[in-house]
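All ligand and atom numbering here is 1-based and tracks the order in the structure. One-based numbering along the sequence shown.
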Amino acid sequence: MKMKKLLSIAATGVLSLGLLAACSSSSDNTSSNGGNEGSDTDSEKAVSLRLAHNQPEDHPIHTSLMEFSKLSEENSDGNVKIEVYPNGQLGQERDVIELVKSGTLDMAKVSAGALEAFDENFTIFSLPYVFQSQEHYYNVMDNSEVVKEIFEGTRDDGFVGIGWYDSGQRSIYTVDKKVESPADMSGLKIRVQESPTSISMIEAMGGAPTPMSFGEVYTSLQQGVLDGAENNETALTNNKHGEVSKAYTYTEHQYVPDVLIISTKVLDSLSEDQMKAIQDAATASSESHKDVWAKAVEESITASEEMGVTFYTIDKQAFIDAAAPLHEQYKAKSEDNQKFFDDFQSYIK
Ligand code: GCU
């Protein structure tokens, strides 16, 4: 079944043959640890894990994942090696989540937005304006038991979230049209993540949502398939969207974190020491990433302006009002949702 899935992905051209080999050696490696069930002896046995993500090597998340890899190795005295595969080489976010779920790939960094399609509990991270400020966002992500519950909640589905990385605030940008109010969004085809909440959000804000994987956005903007997209500022520079989108409006509608996921199969095969080394590395690199991120955003703004992008600061209230019904719908859906929402709100200072 696992192989069938992998082959079907390969057949669609997402994975190259070389990477198929990389993936299968990963599962060999996983199964070679599999029998030890976390006994003391296997803490001496080195493991080599593969971690995939979709950003280029000059992107701040790559820097922080390399730091995570380095710290994992240091913390474990060389017993945990993590090889980072950037650039979506192993697939787009949906694909790598599938691979991690099946144990074919060990780890991945994906957006919480992409995880929503795999587990509804991730919805809350994409609710527009659920975080009131960066301080609120950091407080929730670093301290909330609910976040831990959501990250752990997918264990039986094949993966667990072991850390998060700041991916900034998301705002609307278009090829050329300045968007000041929801009325300006009318008829605009705006790319969103493959997240039901983000689809509803753009609808509520008056636009025409177009879900697609991140890797397709540049060409779609260039060819006029899209009128715009929404993301943090690094999309303009590191992903070059600023070459084909010149108007960035600070709607600041979401803070959607990046999440570090690990396959349950791998998790069950690691010793406690190895797991602790990885967990500590995830926490430390998440913390240092905050500065890496802030610096990268500043640089992106300057570089985007040099590319001819204009940044517009607006009164966001009309967007906040337009998105408000999504909060009510979310809370009314289940008791868990209400609990998650209240928990998040309790971190507003
Ligand atoms: C952010 C996020 C990525 C994600 C992208 C997207 O850049 O960090 O992980 O793929 O948004 O919009 O799909």
Worksheet item: Taking non-hydrogen atoms only, is N231 closer than 4.0 angstrom to ligand 1 via side chain, backbone, both or neither?
Response: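 The side chain, only.
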Fill in: No-hydrogen, no-angle side-chain donor-acceptor test under 3.5 Å, E135 and N139
no
Worksheet item: Just checking, any donor-acceptor pair under 3.5 angstrom between side chains of Q254 and T197?
Response: no
Can [X] be said to touch ligand 1, with heavy atoms closer than 4.0 Å?
| X | answer |
| --- | --- |
| Q92 | no |
| E230 | no |
| H53 | no |

Item to complete: Please identify which atoms of ligand 1 are closer than 4.0 Å to at least one heavy atom of S167.
Response: 1 (C), 2 (C), 8 (O)
Item to complete: Keeping to residues at least two apart or across chains, list the ring pair (Phe, Tyr, Trp, His ring centres under 6.0 Å) pairs with something in residues 273-293.
Response: Y165-H289, H289-W293
Practice prompt. Could you pull out, from D258, V259, N232, the option with a heavy atom nearest to atom 2 (C) of ligand 1?
Written response: D258
Discussion item. My understanding is that we take every heavy atom of each candidate and find the minimum distance to atom 11 (O) of ligand 1. Doing that for E93, Q193, R170, which one comes out nearest?
Written reply: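 Among E93, Q193, R170, the closest heavy atom to atom 11 (O) of ligand 1 belongs to R170.
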Practice prompt. Looking only at protein heavy atoms, identify the closest one to atom 12 (O) of ligand 1 and say how far it is in Å.
Written response: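 Going atom by atom, the protein heavy atom closest to atom 12 (O) of ligand 1 ends up being R191 NH1, 2.6 Å.
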Worksheet entry | atom 10 (O) of ligand 1: nearest protein contact (heavy atom, Å) |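 Residue, atom and distance for the closest contact: N54 ND2, 2.8 Å.
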Discussion item. Strictly distance-based, threshold 3.5 Å: is any side-chain N or O of T264 a donor or acceptor partner for the main-chain N or O of F159?
Written reply: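 Yes, T264 side chain to F159 backbone: donor-acceptor pair under 3.5 Å.
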Worksheet entry | Residue pairs involving residues 279-289 (criterion salt bridge (Lys or Arg N to Asp or Glu O under 4.0 Å); sequence neighbours excluded) | K276-D280, E287-K290
Fill in: Aromatic centroids of F344 and F131 separated by under 6.0 Å
yes
